[in-house]
Amino acid sequence: MSKIYNPEHIELKWQKNWADAHCFEAKSDKSKPKFFGLIEFPYPSGAGLHVGHPRSNTAMDIIARKRRMEGYNVLYPMGWDAFGLPTENFAIKNHVHPAGVTKKNVDHFRQQLQRIGFSFDWSREVDTTDPNYFKWTQWIFLQLYKHGLAYKSEMPVNWCPSCKCGLANEEVVSGRCERCGAEVIRRVKSQWMLKITKYAQKLLDGLDDVDFIEKVKTQQRNWIGRSEGAEVDFAIADSDMKLRVYTTRADTLFGATYMVVAPEHAAVDAMKDRIENWDDVIAYREAAAKKSDFERTELAKDKTGVELKGIKAINPVNGKLIPIFISDYVLVTYGTGAIMAVPAHDTRDWDFATKFGLPIIEVVAGGEDVQKAAYTDVEEGVLCNSGFLDGLSVAEAKKTIIAWLTEKGLGEKKVNFKLRDWVFSRQRYWGEPIPLVNCEKCGWVPVPVEQLPVLLPDVDNYEPTDSGESPLSKIDSWVNTTCPCCGGAAKRETDTMPQWAGSSWYFLRYADPHCDTDLARWEELSYWLPVDWYNGGMEHTTLHLLYSRFWNLFLYDIGAIPNKEAYLKRTSHGMILGRNPECYESMTTMERFNAAMDGIEAWGAEKILKDGADALPAKDAFMAMKEDEQKAVIEKLLDEKKMNKWCAEKYGDSSKHTAAKMSKSKGNVINPDETIAEIGADAFRLYEMFMGAFDQAIPWSTEGARGCRRFLERVWRLQDMLTDEEDVRKEMEVAVNSMIKKVTDDIERMKFNTAIAAMMSFVNDIYTNGKITRGELKALMLCLNPVAPHITEEMWEACGFGEPIYAQSWPKYDENKLVAAEVEIAVQIKGKVRARIMVPANLTQADGEKLLENETVKALVNGAVVRKLIFVPGRLLNIVC
RNA sequence: GCGGAUAUGGUGGAAUGGCAGACACCGGGGACUUAAAAUCCCUUGCUAACAAGCGUGCGGGUUCGAGUCCCGCUAUCCGCACCA
């Protein structure tokens with residue numbers, strides 16, 4: 001009888017063994033093929049790891065461990081994306097230095113990750129707040145600056161009044177600050193911007209060369225938002241001014257019955273003298289500026305605007321005079337900030353025209369009455385009321401009109417993107433200082449490379465200022481410096497970089513994390529990059545993933561790195577959900593108590609209430625308790641099962657109602673430490689991978705996790721069934737080979753749940769059989785090792801199988817031993833299964849006829865005329881008669 | 001509004017157009033225990049209860065055969081959102 005399975009003991013032992021052996025450190029043996037597996041490095045928050053982190057980490061750990069066994073030189077690194085607001089806010093509140101907070105959090109995270117047994121190469125750990133690291137973040141910024149891709153711009157930015165900080169568009173979620181939830185307002189500030197728009201086309205094109213899951217590509221394409229159209233000039237009547245618009249529907253030009261410009265559009269000011277209702281215009285403009293993005297969105301349906309009285313534009317195709325309006329449904333940031341309005345064929349224009357009583361002229365026939373609704377179909381329609389375009393399809397008309405406009409010098413073909421430039425300034429302390437100084441004589445001057453990094457000074461107070469300046473601006477000794485160019489007095493830039501900066505190139509640093517002459521040495525970059533497989537969350541698709549591709553493309557263009565695209569392959573995991581607290585929160589104390597009473601009756605009171613109340617029947621005792629005592633008792637009694645049952649009754653039986661995204665505020669976060677303490681790291685890893693399809697959101701189930709522990713107990717006890725036989729027994733060949741094949745294939749497809757199911761089936765087979773040979777156990781240990789590395793190493797050692805598994809090769813399967821000699825097939829009559837028969841596995845399609853001789857089949861056919869016979873070898877026989 | 005995804009037992013989920021529900025969780029029963037836990041074995045889609053019938057969100061279609069393919073809906077989730 002083997003010892004009792006004690007995960008904690010085994011896991012700590014092997015974690016130490018691996019560290020001592022340095023077996024997961026990436027070697028610079030460039031003769032071997034390399035594999036660079038990457039997962040997003042975490043932000044080390046004070047709350048510590050949650051169960052979502054290990055889902056991605058475990059998946060890539062499995063792949064990394066398998067690759068090592070397959071003979072690859074594997075780089076699987078970990079680091080910390082450690083700049084960021086929560087740390088800074090914590091530091092402000094508790095009057096401590098953010099660096100100290102960061103260190104403490106990082107140490108906690110590292111310890112938590114190590115307890116799970118990931119095969120990270122800890123010798124390559126990176127930390128974005130380490131000056132040796134952010135020296136190169138600053139260096140990259142200066143390259144962007146030198147190549148004209150960083151510029152300062154007075155522009156309206158999204159301003160979070162609570163964080164007192166400018167936000168990128170990507171950080172604004174339905175009008176609210178992504179971090180704190182406060183309503184975002186618009187505020188004009190001078191900001192550093194990165195010209196990511198210059199790379200819009202390259203970022204789009206690059207997607208064709210990489211293996212990203214389709215929905216990531218689609219989301220990036222939509223975010224970049226390329227559209228093909230034309231710019232057209234509309235002359236202003238009685239002047240030599242022109243108003244240029246962008247349109248994707250140049251074909252509908254004859255239907256343009258008015259124009260709209262954004263309230264902030266410069267042309268409005270240029271025409272000031274001729275506008276008769278200037279006061280109205282100014283009033284509208286101010287009202288629009290005051291609106292938050294949220295209000296703009298809220299009122300999206302309700303069109304407002306003011307006509308510029310006294311001014312008319314001329315439609316270039318028919319010379320008609322048309323009015324001009326300002327309205328905030330036209331955005332100054334897109335296209336030319338002005339549009340031609342074709343109410344008959346654009347829903348927004350139709351809404352506006354209807355409200356303001358403007359003419360609606362049909363120019364594409366084929367739809368319903370355009371007076372009732374806009375007709376926007378571009379596939380079916382045929383042009384009408386459009387002079388020389390009449391009778392053409394929309395596509396033909398577009399070509400024709402653009403050619404005509406180009407020839408006349410009235411317009412031209414134009415491509416536009418939704419992608420905006422990246423607001424790169426933050427008025428915060430805990431970020432990389434932007435390494436520029438402002439000299440009155442020389443303007444903005446980069447800090448020379450040899451003076452990098454520009455370090456953060458020690459500050460007493462990290463509180464942002466109400467003026468919107470960074471706390472750094474208050475440190476005169478730091479701000480005042482000399483100009484590197486002329487040696488005169490100069491001031492440092494006090495804005496810092498956003499959190500995205502450090503994470504936009506960290507994968508490059510992993511190739512050579514201790515290099516102090518470059519961001520990483522060329523030969524290391526050429527060997528390790530690009531990243532072979534990057535797994536991460538969908539929430540980073542349009543932010544981090546796009547930004548880092550942008551930096552990588554840029555660094556490639558300036559010859560700093562050898563690879564164009566950063567990541568060859570991108571996959572994504574689903575979220576892990578917790579219990580929906582609404583269920584629990586909406587219960588009254590009595591309801592909770594009643595639900596809990598079931599538990600009391602079922603299990604006996606004393607046991608459950610051991611350290612709660614003294615006596616039962618509990619109702620009286622319970623009612624006598626203080627409220628928080630009651631709460632504690634209820635928490636103890638209301639296990640997951642009861643909660644689900646209760647929620648199901650209240651909300652219907654779907655678990656979708658009982659599950660919700662985990663968050664601290666909802667109080668439904670599952671703590672991995674507690675789970676690991678209960679079931680061990682191997683069972684935890686196993687459950688994370690087994691719980692469901694890897695790419696889908698899944699509610700956590702404590703019961704399900706315990707089931708995985710149970711499986712490992714079963715595996716552990718296989719030692720008691722072990723025989724002295726070295727080889728795989730004949731009768732187990734199919735089971736062993738098909739398991740190896742299934743596990744091998746499914747790991748590559750990230751179908752971890754079915755890979756694990758295959759191993760469970762195998763173990764079930766062994767239990768039925770009662771015995772296991774050394775060869776059979778070896779195969780199982782090797783397959784299971786990437787998922788549950790500790791228990792498999794321990795058993796491998798205990799059984800005397802030789803060198804540790806981390807030094808073993810991945811098992812191979814024999815194609816010829818995947819199916820038994822005889823297989824069961826279904827016999828169908830007209831598609832209905834009527835019987836199952838055993839037949840030799842090697843029958844081919846041609847043997848189908850012969851099966852009619854089979855007694856069972858004969859009886860089913862019962863002398864009827866067989867009209868058609870379908871035989872699918874190994875699967876079924878279908879007889880139509 | 002646009003884009004993407006999803007829909008299968010009490011639950012999580014399996015299933016290259018070929019035996020729907022693998023593998024688990026929960027539940028039920030049994031064995032072993034003074035007892036409990038643990039473990040092992042059996043059972044577990046629904047209805048009827050004989051060997052039958054019905055079942056993959058809804059309505060059509062293609063096919064010898066559809067959870068899977070096609071057409072038309074519905075519901076839910078996620079992302080974007082006045083992008084001309």
Side-chain angles (χ1 to χ4, degrees), chain A residues 4 173-174 214-216 218-219 221-223 225 227 229 245-249 252 260 296-297 299-303 327-331 333-342 345-349 351-352 376 416-420 538-539 541-542 574-575 604 607 640-641 644-645 648 653-659 687 690-693 695-708 710-711 713-714 717 751 753-761 764 767-768 824-836 867-872 874-881:
Chain A
I4 286 170
V173 177
S174 55
E214 247 348 275
K215 61 178 171 179
V216 167
T218 312
Q219 253 189 52
R221 286 192 184 112
N222 289 346
W223 190 264
S227 82
V245 304
Y246 174 70
T247 178
T248 54
R249 293 295 304 273
T252 62
V260 187
R296 274 201 174 200
T297 316
L299 304 170
K301 293 276 179 291
D302 192 20
K303 299 280 182 291
S327 172
D328 60 5
Y329 86 88
V330 172
L331 307 176
T333 48
Y334 185 77
T336 62
I339 62 155
M340 64 175 205
V342 185
H345 306 289
D346 181 284
T347 318
R348 295 151 306 181
D349 296 344
D351 291 342
F352 190 90
T376 55
N416 260 325
F417 297 92
K418 285 186 198 172
L419 189 69
R420 296 277 77 89
M538 278 310 286
E539 69 273 22
T541 304
T542 49
M575 240 183 325
K607 193 171 173 189
E640 177 187 359
K641 219 161 65 194
N644 289 346
K645 208 170 177 181
D653 42 353
S654 168
S655 73
K656 273 149 201 118
H657 298 279
T658 66
Y687 178 60
F690 181 65
M691 62 197 302
D695 57 354
Q696 245 131 65
I698 295 274
W700 182 271
S701 154
T702 309
E703 288 306 322
R706 290 193 186 118
C708 285
R710 206 143 45 220
F711 170 67
E713 298 271 6
R714 271 165 83 75
R717 285 195 306 273
K751 300 265 183 190
N753 53 340
T754 50
I756 292 164
M759 291 188 274
M760 288 175 167
S761 291
N764 290 345
Y767 267 73
T768 308
E824 191 187 65
I825 64 163
V827 181
Q828 296 182 333
I829 303 293
K830 287 193 212 153
K832 292 261 182 214
V833 179
R834 295 296 167 186
R836 295 168 219 282
R867 284 192 292 158
K868 195 167 178 182
L869 188 134
I870 298 108
F871 177 51
V872 184
R875 297 216 180 253
L876 58 73
L877 176 72
N878 187 11
I879 299 160
V880 186
C881 53

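All heavy atoms count here, side chains included; hydrogens, waters and symmetry mates do not. Here is how names work: the chains are called A, B, and so on, in the same order as the sequence lines, proteins then strands, and each is numbered from 1. Fair warning: this is a prediction, and the values are worked out from it, not measured in the lab.
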Quiz prompt | For A:Tyr687, all residues meeting side-chain hydrogen bond (donor to acceptor under 3.5 Å, both in side chains), sequence neighbours excluded | solution =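 Here no residue qualifies.
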
Exercise. Mind checking side-chain hydrogen bond (donor to acceptor under 3.5 Å, both in side chains) for A:Glu713 and listing every partner two or more places apart, or none if nothing turns up?
Key: A:Arg709

Practice problem: For A:Phe352, enumerate each residue passing the ring-ring contact (aromatic ring centres under 6.0 Å, His included) test, keeping only those at least two apart in sequence or located in another chain. | Solution: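 Once residues adjacent in sequence are excluded, the partners of A:Phe352 under the ring-ring contact (aromatic ring centres under 6.0 Å, His included) criterion are A:Tyr258, A:Phe325, A:Tyr329, A:Phe356.
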
Quiz item: Residues in ring-ring contact (aromatic ring centres under 6.0 Å, His included) with A:Phe711, at least two apart?
Solution: none

Separation between the [atom1] atoms of [N] and [M], rounded to whole Å:
| N | M | atom1 | answer |
| --- | --- | --- | --- |
| B:rC26 | B:rC41 | P | 16 Å |
| B:rG53 | B:rC64 | P | 22 Å |
| B:rG18 | B:rG29 | P | 39 Å |

Which of these nucleotides, [options], is closest to any side-chain atom of [X]?
| X | options | answer |
| --- | --- | --- |
| A:Met760 | B:rA20, B:rC23, B:rA84 | B:rC23 |
| A:Lys303 | B:rC82, B:rC26, B:rG18 | B:rC82 |
| A:Lys868 | B:rA84, B:rC64, B:rC82 | B:rC64 |
| A:Tyr329 | B:rU16, B:rC82, B:rA20 | B:rC82 |
| A:Leu331 | B:rA84, B:rA24, B:rG18 | B:rA84 |
| A:Thr754 | B:rC23, B:rA22, B:rG13 | B:rA22 |
| A:Ile339 | B:rG18, B:rA84, B:rA20 | B:rA84 |

So which protein N/O to nucleotides 38-40 of chain B N/O distances come out below 3.5 Å?
unit_1 : atom_1 : unit_2   : atom_2 : d
B:rU39 : O3'    : A:Arg717 : NH2    : 2.7
B:rC40 : OP1    : A:Arg714 : NH1    : 2.9
B:rC40 : OP1    : A:Arg717 : NH2    : 2.7

Have a look at [X] and say if it touches a base, only the backbone sugar-phosphate, or nothing, with a 4.0 Å heavy-atom cut-off.
| X | answer |
| --- | --- |
| A:Ile698 | sugar-phosphate |
| A:Ala758 | nothing |
| A:Gln828 | base |
| A:Asp349 | nothing |
| A:Asn878 | base |
| A:Phe690 | base |
| A:Ala693 | sugar-phosphate |
| A:Ser327 | nothing |

Quiz prompt | Dot-bracket pairing map - RNA chain B, Watson-Crick plus G-U, both contacts under 3.5 Å, | cross-strand | solution = (((((((..(((.....[....))).(((((.......))))).(((....)))..(((((..]....))))))))))))....

Quiz item: Of the non-hydrogen atoms in A:Val880 and A:Ile870, which two are nearest, and what is the gap between them?
Solution: CG2-CD1, 4.5 Å

